[in-house]
Amino acid sequence: MKKRVLLIISILIILMGILALIPSINMGTEPTWYSALKIVIGLVGLWVSLQKTGKTKTALLVIGILLAAMGVLALIPSISLGDEPWWHAVIKIVIGLVAIYLGATNLKD
C-alpha cells in the first residue's frame, strides 16, 4: 500500500512541477528552481516506489516533510516564493501530512 501511495504522490508532484513551468496556465507563478525541485522530488519518489526493495518509509517521510514545508512557506506572506493560490499550498500540506503519516506508521508495504 505504501509503495502505491508513494507512486501516486510522486506522479502528482511531477505533474505539479511540470504544470508550474507552463506559463499559459493561470495557476500562479513560482520560481523555476522551485518547479525543478518538485520534479526532482517526484522523480526520486517514483524511483523508490518502483524498486523491489527500498526505503519506502524513509522516502514518504522525507517527501512529506518537504511538501508540508513548501506548503507552509507558500502561505507565509512575507516569504516570496512566487504567487500561487492558497488552495495549492493547502493541497501540498495535506499531501505532505498524509505522506508523513504513512511513513511514520507500521502499515503494510
Side-chain angles (χ1 to χ4, degrees):
M1 176 183 149
K2 288 183 182 185
K3 286 187 180 260
R4 193 171 306 147
V5 171
L6 180 60
L7 178 68
I8 292 168
I9 288 174
S10 300
I11 291 170
L12 285 173
I13 296 169
I14 292 169
L15 288 174
M16 286 175 15
I18 291 171
L19 289 174
L21 292 173
I22 302 171
S24 61
I25 298 176
N26 278 337
M27 300 271 304
T29 59
E30 60 189 32
T32 305
W33 66 267
Y34 195 74
S35 300
L37 180 63
K38 284 183 190 174
I39 293 170
V40 169
I41 291 170
L43 289 173
V44 169
L46 186 66
W47 180 75
V48 170
S49 69
L50 295 175
Q51 297 298 310
K52 296 264 186 215
T53 60
K55 302 290 184 183
T56 306
K57 288 177 71 169
T58 305
L60 280 167
L61 282 172
V62 170
I63 289 173
I65 290 168
L66 287 173
L67 274 181
M70 290 165 73
V72 169
L73 289 175
L75 289 176
I76 300 173
S78 61
I79 298 175
S80 178
L81 289 177
D83 179 32
E84 69 182 43
W86 65 270
W87 57 267
H88 190 261
V90 171
I91 289 173
K92 283 194 283 192
I93 293 170
V94 170
I95 293 172
L97 291 176
V98 167
I100 291 169
Y101 172 76
L102 288 174
T105 59
N106 288 325
L107 295 175
K108 189 176 173 184
D109 263 348

- To the nearest 0.5 angstrom, please state how far the CG atom of Leu19 sits from the CG atom of Leu12. 10.5 Å

- Please round to the nearest 0.5 Å and tell me the distance separating atom CZ of Arg4 and atom CG of Leu102.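 Answer for the CZ-CG pair, Arg4 versus Leu102, is 12.5 Å.
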
Applying salt bridge (charged side-chain N to carboxylate O under 4.0 Å, His left out), which residue pairs with at least one partner in [range] are found, sequence neighbours left out?
range: residues 6-24; result: none
range: residues 86-105; result: Glu84-Lys92
range: residues 7-24; result: none

- Message: Minimum heavy-atom separation for Gln51 and Lys3, please, with both atom names.
- Response: O-NZ, 2.7 Å

- Main-chain N/O of Thr105 paired to Lys2 side chain as donor or acceptor, under 3.5 Å: yes

- Message: If hydrophobic clusters are built from ILVMFWY residues whose side chains come within less than 4.5 Å, do Leu97 and Met16 share one?
- Response: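 No, no single cluster joins them.
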
- Ser35: side-chain hydrogen bond (donor to acceptor under 3.5 Å, both in side chains) partners, not counting sequence neighbours: Glu30

Compile the donor-acceptor pairs under 3.5 Å between side chains in residues 58-73 and protein atoms, sequence neighbours left out, one pair per line.
none

- Query: How is the hydrophobic cluster of Leu50 composed, in terms of its other members, when Ile, Leu, Val, Met, Phe, Trp and Tyr link through side-chain heavy atoms under 4.5 Å apart, directly or indirectly?
  - Reply: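 Traced through the cluster, Leu50 reaches Leu7, Ile11, Ile14, Leu15, Ile18, Leu21, Ile39, Leu43, Leu46.
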
- Message: Could you work out, with side-chain contact (heavy atoms from CB on, under 4.5 Å) as the rule, every residue matching Trp86, not counting sequence neighbours?
- Response: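 If we apply the side-chain contact (heavy atoms from CB on, under 4.5 Å) test to Trp86, skipping adjacent residues, the hits are Leu75, Val90.
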
